[in-house]
Chemist: 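Dropping the structure in here first, questions after.
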There are 2 protein chains.
Amino acid sequence: MQPKSSSARSPQAELLADATALHAAVSDLVRIYQFRDRDKICCYDISVTQCYALEALAGRGPMRSQALAELLLLDKSTTTRVVDALERKGYVERRADAADARALSLQITRKGRTLYETINRELIAQQAEIVAGFDREACAMATEVIRRLARAAEARFVSGISVGDCAPGTGCSPRRRD
Amino acid sequence: MQPKSSSARSPQAELLADATALHAAVSDLVRIYQFRDRDKICCYDISVTQCYALEALAGRGPMRSQALAELLLLDKSTTTRVVDALERKGYVERRADAADARALSLQITRKGRTLYETINRELIAQQAEIVAGFDREACAMATEVIRRLARAAEARFVSGISVGDCAPGTGCSPRRRD
DNA sequence: GGCATATAGTTGTCACATGCAACCTAAATC
DNA sequence: GATTTAGGTTGCATGTGACAACTATATGCC
């Protein structure tokens with residue numbers, strides 16, 4: 001697993017070794033974070049997806065349901081329900097869109113923003129513990145790599161084929177019958 | 001969001017800025033990978049969790065159900081069902097444990113290993129595309145940071161309090177009533 | 001203006017993932 | 001040998017999310 005001394009290895013092999021190590025690390029991270037994030041749920045009273053929605057609305061301002069769905073890579077029906085939950089709890093508001101009577105303007109409430117900030121602060125504090133062990137350079141590098149990974153994955157996901165060759169975001173997933 | 005020139009900022013502030021950037025990037029990555037990984041599901045005929053299980057068995061050799069559960073941070077009942085599915089599809093086998101009649105030895109089959117390797121190869125190839133754009137140093141650094149993040153998250157999750165102050169792995173999550 | 005079509009959201013329905021509790025069987029302990 | 005503990009499985013409930021059908025509005029074409 002660990003890249004050995006790179007002497008006597010082709011650039012090809014090095015690339016593969018690096019990619020393998022990175023993949024293993026990322027894969028692990030993602031798996032574990034799914035649990036970590038689920039914890040976040042119960043402590044405050046929202047789900048992970050709800051939290052992402054809150055984040056989007058906090059960071060980008062009001063938007064339509066459709067825009068939110070695209071941003072979060074969710075189906076519009078799922079988005080409706082996510083917003084339902086958030087609205088019920090008073091974290092977002094649905095306002096009529098002035099320009100289009102069909103559309104909505106989703107807005108985070110003050111209460112929602114406060115909640116989001118609280119959660120975010122805690123999560124960032126956790127990262128800070130780790131970041132403290134690295135120099136800034138290394139941290140910036142890692143952050144950049146992670147960003148690119150995310151963008152690349154998103155692009156792959158949105159645009160089409162991901163792994164194997166099923167349809168993309170169209171959501172081929174649930175078609176599986178165990 | 002972007003760390004500005006670090007002149008005139010306290011180390012505290014720098015740390016916070018770095019942590020914030022890292023958190024945002026990781027958070028994004030995790031969210032997107034959940035979708036990307038779900039794609040992986042349908043293309044080959046297993047779920048994400050099933051794939052993690054296959055990975056564990058491929059990488060660490062035969063183990064008991066309980067050990068697998070601990071490794072994947074899953075409940076033992078969930079693990080049972082994950083293994084059910086994999087066994088039904090012929091990717092793993094349950095063998096009697098010689099030493100303990102209650103226990104099982106879970107083993108990946110040749111077919112299972114082949115599948116895992118196929119999936120893994122594709123995923124690694126995807127990483128390779130991204131890795132190709134970085135120098136090895138940066139890549140190694142990022143990999144290391146990501147590993148530490150994962151380990152830290154795992155430790156936090158397993159040991160106790162995560163965010164807020166609900167119980168840990170005990171699975172406080174589902175107790176929420178939307 | 002009026003009908004055909006497209007678009008924004010909502011609701012019905014279904015499948016899947018997963019935790020907890022109760023249970024069963026086999027070990028371990030006394 | 002009886003009680004307790006441990007490894008797994010099954011019953012049940014909940015959360016999540018996709019897809020499809022539907023409603024209401026907007027847009028285009030005549």
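Within every chain, numbering begins at 1; the chains are lettered A, B, ... in the order of the sequence lines, protein sequences first and strands thereafter.
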Chemist: Which of these passes side-chain contact (heavy atoms from CB on, under 4.5 Å) with L123(A): Q127(A), Q126(A), R121(A)?
Modeler: Q126(A)

Chemist: May I ask you to say what T79(B) touches in the nucleic acid, namely base, sugar-phosphate or nothing, with a heavy-atom cut-off under 4.0 Å?
Modeler: nothing

Chemist: With R60(A), which residues qualify under side-chain hydrogen bond (donor to acceptor under 3.5 Å, both in side chains), at least two apart?
Modeler: none

Chemist: Rounded to whole angstroms, how far apart are CG on D75(A) and C1' on dA8(C)?
Modeler: 13 Å

Chemist: I want to check one thing: is the phosphate of dA17(C), taken as OP1 and OP2, less than 4.0 Å away from some side-chain N or O of S47(B)?
Modeler: yes

Chemist: Less than 4.0 angstrom from a charged side-chain N to a carboxylate O is my criterion; do D97(A) and R102(A) meet it?
Modeler: no

Chemist: Let me have a per-nucleotide readout for nucleotides 22-30 of chain C, 5' to 3', with B, S or -, counting only protein heavy atoms under 4.0 Å.
Modeler: ----BS---

Chemist: Return the value, rounded to whole Å, for the distance between atom CZ of R64(B) and atom C1' of dT9(D).
Modeler: 16 Å

Chemist: Whether R94(B) contacts dT9(D) is assessed here as follows: a side-chain N or O lying under 4.0 Å from the phosphate OP1 or OP2. Is that the case?
Modeler: yes

Chemist: What is the distance from OH of Y52(A) to P of dT16(D), rounded to the nearest Å?
Modeler: 13 Å

Chemist: Would you tell me if any nitrogen or oxygen in the side chain of T49(B) comes within less than 4.0 Å of OP1 or OP2 on dT18(C)?
Modeler: yes

Chemist: Would you classify S65(A) as touching base, sugar-phosphate or nothing, given that sugar-phosphate means primed atoms plus P, OP1 and OP2, and contacts are heavy atoms under 4.0 Å?
Modeler: sugar-phosphate

Chemist: Specify the separation, in whole Å, of atom CD of Q34(B) and atom P of dA17(C).
Modeler: 14 Å

Chemist: Would you say the side-chain atoms of D45(A) and Y91(A) include a donor-acceptor pair closer than 3.5 Å?
Modeler: yes

Chemist: Within this structure, what is the CG-to-C1' distance between D45(A) and dT14(D), rounded to whole angstrom?
Modeler: 16 Å

Chemist: Treating Ile, Leu, Val, Met, Phe, Trp and Tyr as nodes and any side-chain heavy-atom pair under 4.5 angstrom as an edge, say whether L16(A) and V26(A) lie in one connected cluster.
Modeler: no

Chemist: Is L115(A) reachable from I124(A) through a run of I, L, V, M, F, W or Y residues, each pair having side-chain heavy atoms under 4.5 Å apart?
Modeler: no

Chemist: Return whichever of L74(A) or L104(B) has its heavy-atom-nearest nucleotide of DNA chain D closer to the 5' end.
Modeler: L104(B)

Chemist: When the distance from CG of L72(A) to P of dG9(C) is rounded to whole Å, what number comes out?
Modeler: 14 Å

Chemist: Give a yes or no on whether a donor-acceptor pair under 3.5 Å exists between the nucleobase atoms of dG19(C), that is its base, and the side chain of R81(B).
Modeler: yes

Chemist: Specify the separation, in whole Å, of atom CG of D84(A) and atom P of dG15(D).
Modeler: 14 Å

Chemist: Nearest whole angstrom, please: distance from the P of dG9(C) to the CZ of R95(A).
Modeler: 16 Å

Chemist: For E70(B), enumerate each residue passing the side-chain hydrogen bond (donor to acceptor under 3.5 Å, both in side chains) test, keeping only those at least two apart in sequence or located in another chain.
Modeler: none

Chemist: Measuring from the side chain of T78(A) (C-beta onward, heavy atoms only), which nucleotide among dG17(D), dG9(C), dT18(C) has the closest atom?
Modeler: dG17(D)

Chemist: S77(A) side chain: which of dG7(D), dC19(D), dT10(D) is closest?
Modeler: dC19(D)

